[in-house]
K.L.:
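Next up is a structure, given as structure tokens.
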Amino acid sequence: MTPDETPSNFIRDIIDESRASGSSEKIVTRFPPEPNGYLHIGHAFAIQVSYSIAKDYGGEFNLRFDDTNPAREETEYVEAIKEDVRWLGANYENRLYFTSDYFGQLYDWAVHLIQNGLAYVDDLSPEEMREYRGTLTEPGKNSPFRDRPAEESLALLEQMKDGAFKDGERVLRAKIDMAHPNINMRDPVLYRIIHTEHHRTGANWKIYPSYDFAHGQSDAIEGITHSLCSLEFEFHRPLYDWLLDNLPVPSRPRQVEFARLNVEYILTSKRKLLQLVSEGHVRGWDDPRMPTVSGFRRRGYTPESLNEFCYRAGVAKRERVNEYALLEYCIRKDLEEKAVRRMAVLDPVKVVIENFPEDETEFYDGPNHPANPDMGTRRVPLTKEIFIERDDFMEDPPRKFFRLGPGREARLRYACYITCTGFTKNEAGDIVEIQATFDPESRGGSTPDGRKVKGTIHWVSATENVPLEVRAYEQLFLKPNPDDAGEGQTFLDNLNSESEKVIRAYGELELAGAEPGDRFQFERKGYYTVDPDSTTEALVFNQTVTLRDSWAKKQKK
RNA sequence: AGCCUCGUGGUGUAAUGGUAGCACUAAGGAUUCUGGUUCCUUCUGUCGGGGUUCGAGUCCCUGCGAGGCUGCCA
């Protein structure tokens, strides 16, 4: 699925320049998740961008957990994220790092800044700091502690490190410019006191570096050449550069920002996804309706399809929203090629083939894939009573309806022609049974007289089948922009109450023994994957995506 | 409001001063034992106004529009 021609984008242009100018020969990128939630499709995009660039330029790709805030990070997330990154195919080999590995070095660099008059310990409270910071239009003013002697700051920083102060009592700040138009340059916080155990360093540290103080230096330690991140960090770049300029770092990385990926009907906010999980609107992070990597995996998406989607979405410098149709296109395209075909009837109605012998079974061969004979064939049993799809029959069909109706002939896929001879209804007016006869001459799917049968329908023996639980999905949200809520409402008010529908269905015999994660095309219906909830007695299938249905589209008009 | 970034068909993205292209979507047609797949065709675009240039989507000015930034989050 690697694209034949990789079109240019502005990041690759920048990299081409760096290589041309000789500033970086080998390209090294990284993905720096904070372990405080599960990865979603937006992260998959970020991974795809950084990983594919490293790969295409023969460079390296690192995975680094940005664990600078012990108050919100957990080991559970570390493991889940590692699994997701691997599943997506981004190979970081043995280059798994943690910002917490660099806490010692970072501390030494903080000392270095103080010694060079470029940082100081501030005693201002958070509220006071906010007042001193100024606003978007007005400059800030210097803290009264700004010019305290370096020795004093040094001593204070050490005390902070040793736990002499409470959370929030003091902070280490860079000494830059309180009148700077970029607020990130108004003496940003470098270290803050947090008396919380860290998931990896335990109680060793009482102070933790801020993102700004940790990120660029971590990049430099790892020899990252191009630190790719999202647009909101653009405003931090001057600070990123300032720190690297003023510290004796071993390499000089460059930060390049690009726009996040947004998709219709999909939420990519860790906070909101967490809320969906914790409030039980979905069954978990890996609910097939979730836009998480694990959700897509459980839904039946392939890593290739997700990567292709991210690739096709492209890299840009402005916020954009991609159509959901592109995502569906990518998974259909991949599964069309890979998925084994099976028949399953999702909304069954019984058909009795009157001239078919009682208690007999005929077997027909069906290819596992119409275009790939290497995938083999399977045998499908035909009996006197079968199930077909309810909407493959119409009591009073229009001309263009190619399926079954009174007096109409249709082909049972892989088997024979049947002609509808009648149907019976219950008191409620529902069709409960259809009667038909089959043409013995048509066994194998055609007749000696060569007559044309336009419609082919799928079917399953009513007696020799596998009962299935099928979970059909719609969008989790009713609106393309889930955050588009009315006055006093939230994204939760846009939840689609019918996003999951559980269906009792019948599948062909060959489906028995399918394993969780196996993917199939249920012919004429869609792609389905076996859910881990399956037991040996009860198979559960998740609908990955339906097939395109131009008939349904035509009918709507 | 100040600073920064960005405006190309319906959507997403190319064109690096020289024929505005590709993909998705939509519409139509061919093929087909999946109304699927595949193949073919068609529709629709450079935010507005000036300027530089033989030539501007691209460079300059200006207007308009969109997004980001006032955590001891990342």
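So you know, we letter chains A, B, ... as the sequences are listed, proteins then strands, and number each from 1.
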K.L.:
By a strict heavy-atom criterion of less than 4.0 Å, which residues belonging to residues 30-38 of chain A are in contact with RNA chain B?
P.N.:
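The stretch gives Glu34(A) as the residues lying under 4.0 Å from the strand, ordered by number.
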K.L.:
If the threshold is 4.0 Å, N to carboxylate O, is there a salt bridge linking Lys272(A) and Asp483(A)?
P.N.:
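Looking at Asp483(A) together with Lys272(A), the answer is yes, because their closest N to O distance falls below 4.0 Å.
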K.L.:
Report yes or no: is the cationic atom of Arg170(A) (NZ for Lys, CZ for Arg) under 6.0 Å from the centre of the six-membered ring of Phe165(A), at an angle within 45° of the ring normal?
P.N.:
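So Arg170(A) does make the cation-pi contact.
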K.L.:
Looking at U5(B), does its base get a donor-acceptor pair with the side chain of Glu257(A) below 3.5 Å?
P.N.:
no
K.L.:
Before you tell me yes or no, could you show the steps for Lys525(A) and Leu346(A) under side chain to side chain contact (heavy atoms under 4.5 Å, CB included), namely the whole-Å CA-CA distance, both residues' side-chain angles and the distance that decides it to 0.1 Å?
P.N.:
CA-CA 9 Å; Lys525(A) 298 308 290 184; Leu346(A) 272 27; 3.8 Å; yes
K.L.:
State whether the distance check finds a donor on one side and an acceptor on the other, under 3.5 Å, for side chain Arg332(A) versus base U37(B).
P.N.:
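Result: no qualifying N/O pair found.
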K.L.:
Could you say whether the aromatic ring of Phe402(A) and the base of G35(B) stack, counting only centre distances under 5.5 Å and plane angles under 30°?
P.N.:
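Stacking between Phe402(A) and G35(B): present.
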K.L.:
One thing to verify: whether Lys338(A) and Glu304(A) come together as a salt bridge, which I'm taking to mean a side-chain N less than 4.0 angstrom from a carboxylate O.
P.N.:
yes
K.L.:
Begin from the C-alpha positions of Arg524(A) and Glu389(A) and carry the test salt bridge (charged side-chain N to carboxylate O under 4.0 Å, His left out) through to its verdict.
P.N.:
CA-CA 10 Å; Arg524(A) 302 208 309 136; Glu389(A) 216 68 63; over 6 Å; no
K.L.:
Looking only at the side chain of Tyr329(A) (C-beta and beyond, no hydrogens), which of the listed nucleotides C24(B), C72(B), C6(B) gets closest?
P.N.:
C24(B)
K.L.:
Does the ring of Tyr211(A) meet both stacking tests against the six-membered base ring of A74(B): centre distance under 5.5 Å and plane angle under 30°?
P.N.:
no
K.L.:
So if I take every side-chain heavy atom of Leu547(A) and compare against C4(B), G36(B), C33(B), which nucleotide ends up nearest?
P.N.:
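The answer is G36(B).
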K.L.:
In residues 441-449 of chain A, what residues come within less than 4.0 Å of RNA chain B, judged by heavy atoms?
P.N.:
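Heavy-atom cutoff 4.0 Å gives Gly444(A), Gly445(A).
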K.L.:
Of Arg133(A), Arg173(A), His180(A), which meets side chain to side chain contact (heavy atoms under 4.5 Å, CB included) against Asp187(A)?
P.N.:
Arg173(A)
K.L.:
Out of C72(B), A14(B), G35(B), which has the shortest distance to the side chain of Asn9(A)?
P.N.:
A14(B)
K.L.:
Contact class for Gln521(A) vs. all strands (heavy atom < 4.0 Å): base, sugar-phosphate, or nothing?
P.N.:
base
K.L.:
Would you classify Met343(A) as touching base, sugar-phosphate or nothing, given that sugar-phosphate means primed atoms plus P, OP1 and OP2, and contacts are heavy atoms under 4.0 Å?
P.N.:
nothing
K.L.:
If you check the Ser550(A) side chain, which of C72(B), G12(B), G35(B) turns out closest?
P.N.:
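Closest nucleotide to the Ser550(A) side chain: G35(B).
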K.L.:
Choosing from C72(B), C33(B), C24(B), which nucleotide comes nearest the side chain of Met129(A)?
P.N.:
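Minimum distance to the Met129(A) side chain belongs to C72(B).
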K.L.:
List the steps and the verdict of side-chain hydrogen bond (donor to acceptor under 3.5 Å, both in side chains) for Arg30(A) and His226(A).
P.N.:
CA-CA 8 Å; Arg30(A) 105 269 89 117; His226(A) 298 266; over 6 Å; no
K.L.:
Of the listed nucleotides (G35(B), U32(B), U70(B)), which one gets closest to any side-chain atom of Arg133(A)?
P.N.:
U70(B)
K.L.:
Can His198(A) and Trp205(A) be said to form a side chain to side chain contact (heavy atoms under 4.5 Å, CB included), step by step?
P.N.:
CA-CA 8 Å; His198(A) 186 275; Trp205(A) 294 86; over 6 Å; no
K.L.:
Is the ring pair Phe522(A)/Phe520(A) parallel, tilted or perpendicular, if the boundaries are 30 and 60 degrees?
P.N.:
parallel
K.L.:
Given C24(B), G35(B), A26(B), which nucleotide is nearest the side-chain atoms of Arg403(A)?
P.N.:
G35(B)
K.L.:
Would you call Arg12(A)-Asp56(A) a salt bridge at under 4.0 Å N-O?
P.N.:
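Yes.
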K.L.:
A74(B), C24(B), A15(B): which one has an atom nearest the side-chain heavy atoms of His236(A)?
P.N.:
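Among A74(B), C24(B), A15(B), the one nearest the side chain of His236(A) is A74(B).
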K.L.:
Has the side chain of Arg130(A) got a donor or acceptor that lies under 3.5 Å from a partner of the other kind on the base of G71(B)?
P.N.:
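Not at all, since no donor on one side and acceptor on the other fall under 3.5 Å apart.
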K.L.:
Taking for each residue the nucleotide of RNA chain B with the nearest heavy atom, is it Trp551(A) or Val171(A) whose nucleotide lies nearer the 5' end?
P.N.:
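Final value for this comparison: Trp551(A).
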K.L.:
Between the base of G10(B) and the side chain of Glu323(A), is there any donor-acceptor pair under 3.5 Å?
P.N.:
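Present.
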K.L.:
Is any side-chain N or O of Thr456(A) under 3.5 Å from a base N or O of U32(B), one able to act as donor and the other as acceptor?
P.N.:
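No.
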K.L.:
Let's go through Thr447(A) and Asp449(A) carefully: what are the C-alpha distance in whole Å and the side-chain angles of both, what is the deciding distance for side-chain hydrogen bond (donor to acceptor under 3.5 Å, both in side chains) to 0.1 Å, and is it a yes or a no?
P.N.:
CA-CA 5 Å; Thr447(A) 52; Asp449(A) 65 9; 2.6 Å; yes
K.L.:
Using a cut-off of 4.0 Å on non-hydrogen atoms, how would the nucleic acid contact of Phe213(A) be classed: base, sugar-phosphate, or nothing?
P.N.:
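Nothing, no nucleic acid heavy atom in range.
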K.L.:
Within the structure shown, what part of the strands sits under 4.0 Å from Tyr191(A) by heavy-atom distance: base, sugar-phosphate, or nothing?
P.N.:
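It contacts nothing in the nucleic acid.
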K.L.:
Using Watson-Crick or G-U wobble pairs with both distances under 3.5 Å, give me RNA chain B in dot-bracket, 5' to 3', with [ ] for crossers and | for pairs to another strand.
P.N.:
.((((((..((((....[..)))).(((((.......)))))....(((((..]....))))))))))).....
K.L.:
Determine the interplanar angle of the Tyr191(A) and Tyr107(A) rings, folded into 0 to 90°, and report it as parallel if under 30°, tilted if 30 to 60°, perpendicular if over 60°.
P.N.:
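Judged by the thresholds at 30° and 60°, the geometry between Tyr191(A) and Tyr107(A) is perpendicular.
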K.L.:
If you only use heavy atoms from C-beta on, which nucleotide in A23(B), G12(B), A74(B) is closest to the side chain of Arg320(A)?
P.N.:
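Comparing A23(B), G12(B), A74(B) against the side chain of Arg320(A), the answer is G12(B).
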K.L.:
If you look at every strand shown and take non-hydrogen atoms under 4.0 Å, does Arg186(A) touch a base, only sugar-phosphate, or nothing?
P.N.:
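Nothing, no nucleic acid heavy atom in range.
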K.L.:
Taking A66(B) as the reference, what is the distance to G71(B) when you measure between their P atoms (whole Å, please)?
P.N.:
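Approximately 24 Å lies between the P atom of G71(B) and that of A66(B).
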